[in-house]
Amino acid sequence: MSDLSTANTTASPVLDVEAIRRDFPILSQEINGKPLVYLDNGASAQKPEMVLDAMDRYYREMHSNVHRGAHTLGDRATTAFEGARETVRSFLNAQSTREIIWTRGTTEAINVVANGLAPRLKEGDEILVSHMEHHANIVPWQMVAERTGAKVIPIQVTPEGELDLESFTSLLNERTRILAITHVSNVLGTINPVRSVIEQAKKLGVLTLVDGAQAVPHFRPDVQELGCDFYAFSSHKLFGPTGIGVLYGRAELLEEMPPYQGGGEMIERVSFERTTWNILPYKFEAGTPPIAEAVGLAAAIDYVEGLGRPAMEAAESALLQRANELVETVPGMEIIGTARQKVPVMSFKIAGLHASDIGTLLDQQGIAIRTGNHCAMPLMDFYGVTGTARASFAVYNTLEEVEKLFQGLQKIQRLLT
Ligand SMILES: Cc1ncc(COP(=O)(O)O)c(C=O)c1O
């Protein structure tokens with residue numbers, strides 16, 4: 001890893017973004033004859049050498065199946081794999097590695113919980129989600145509601161894109177069983193006050209799940225401080241590989257929940273008369289797990305934590321601030337999501353332009369953004385749009401790239417209007 005922070009004359013360290021960029025080989029290429037400007041980090045972030053090297057080394061030097069114990073490679077793979085679990089435990093400040101379950105991603109993690117809590121639900125019970133959820137934190141609850149007779153109820157969002165706390169308080173009642181809420185909105189960038197809503201919900205004995213998919217790339221959650229029962233995130237948005245994610249769950253709840261899938265690894269003993277489950281966390285990890293991916297995710301966490309979060313947050317908020325300053329240079333541009341607490345995500349529309357045209361024409365200039373409904377159709381309905389354009393920034397983006405985005409938008413506007 002490069003030397004990433006340099007001493008500043010002020011108190012907080014600043015990041016050497018050029019050095020960081022050199023850690024991400026994919027960024028140095030040209031797209032459509034222009035230097036790549038990658039602003040689709042909310043969908044998936046790029047991977048540093050440290051992650052690529054860790055996975056490469058794993059496959060070259062230690063790959064075998066885990067927890068089999070019969071030979072040296074099996075031991076090496078198991079040590080690396082369980083070491084990765086400890087890295088995640090420490091990252092989330094969970095009490096025990098028993099509470100860290102590998103999943104395929106946030107989506108699967110939420111499905112594990114929805115399925116696992118189904119036996120607790122009955123007709124008339126209520127599951128609160130917010131209007132700004134990703135489909136991954138709506139649909140699994142709708143599926144479980146269908147099975148159990150429970151209802152999924154949306155907490156309103158304000159026009160600025162903040163969680164409407166009055167709506168939350170008025171919806172919370174003795175029928176509420178589960179509160180499933182996103183830490184950060186993938187469309188709006190809003191950072192929700194999850195700690196205080198969890199505190200309120202817990203007073204009524206409500207179980208709480210936080211969707212951390214968009215939070216972990218920007219700050220480190222502390223599950224004990226948040227007081228949540230479950231926390232879910234995906235590796236690929238946190239500079240790690242695809243195919244793996246994490247479910248944190250409080251041990252006593254995980255103990256009680258039925259397994260999600262059946263097969264190897266999740267069993268203790270199988271017979272045709274009676275099969276019993278393995279201990280935590282393996283009870284929720286049927287089949288051969290994503291071993292190299294776990295190693296890669298641990299490397300990604302080490303990388304991000306090595307950057308120093310305060311410096312990283314300062315660099316990211318400078319990107320968002322610059323983007324906000326430049327909005328007025330594009331007539332008719334409107335930002336969707338102006339919450340007071342935001343990560344560097346900017347959803348927007350431009351009068352007279354279709355979001356998908358903006359995406360295509362920016363791509364011709366080497367600039368990658370995301371367009372569409374962002375798997376958040378209820379939120380699109382709330383804002384009365386079918387989709388938005390979204391630029392989502394990461395720590396390796398530069399102020400110059402933010403400026404290129406706006407120059408690109410001005411060019412499109414000249415061309416199409
Ligand atoms: C807020 C949020 N939740 C859940 C997900 C689903 O993540 P994954 O597709 O990695 O399971 C995403 C992905 O965009 C997201 O932004």
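Order of listing sets the numbers, starting from 1, for every ligand and every atom in it. Worth saying up front: this structure is predicted, and the values here are computed from it rather than measured.
- Atom numbering of ligand 1 starts at 1 in the shown order; those under 4.0 Å from a heavy atom of Thr107 are 6 (C), 7 (O), 8 (P), 9 (O), 11 (O).
- The pair Lys404-Glu401 does not count as a salt bridge, with every side-chain nitrogen at least 4.0 angstrom from each carboxylate oxygen.
- By the 4.0 Å heavy-atom criterion, His135 is excluded from the residues contacting ligand 1.
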### Task
Report the C-alpha separation of Asp229 and Arg250 in whole Å, then their side-chain angles, then the decisive distance to 0.1 Å, and conclude whether the salt bridge (charged side-chain N to carboxylate O under 4.0 Å, His left out) test is met.
CA-CA 5 Å; Asp229 295 303; Arg250 272 205 303 119; 2.8 Å; yes

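- In this structure, Asp211 counts as a contact residue of ligand 1, since one of its heavy atoms falls inside 4.0 Å of the ligand.
- From the protein, the heavy atom lying nearest to atom 14 (O) of ligand 1 is Lys237 NZ, 2.6 Å.
- Set against the non-hydrogen atoms of Asn186, the atoms of ligand 1 under 4.0 Å away are 16 (O).
- Salt bridge Lys151/Glu123: absent, no basic N to carboxylate O contact under 4.0 Å.
- Scanning the protein heavy atoms around atom 15 (C) of ligand 1, the nearest turns out to be His134 CD2, 3.3 Å.
- The aromatic ring centroids of Phe81 and His67 lie less than 6.0 Å from each other.
- Each of Asp211, Val210, Val113 was checked for a side-chain contact (heavy atoms from CB on, under 4.5 Å) with Phe230, and the lone residue meeting it is Val113.
- Counting the atoms of ligand 1 from 1 in the order shown, those under 4.0 Å from a heavy atom of His236 are 10 (O).
- Each of the atoms 7 (O), 8 (P), 10 (O), 11 (O) of ligand 1 lies under 4.0 Å from some heavy atom of Ser234.
- Ring pair Phe24/Tyr396: centre-to-centre distance below 6.0 Å.
- Of the polar atoms of Thr182, none of the N or O atoms is found under 3.5 Å from an N or O of ligand 1, judged by distance alone.
- By the 4.0 Å N-to-carboxylate-O rule, Lys34 lies too far from Glu30 to be salt-bridged with it.
- Gln214 NE2, 2.7 Å is the protein heavy atom nearest to atom 16 (O) of ligand 1.
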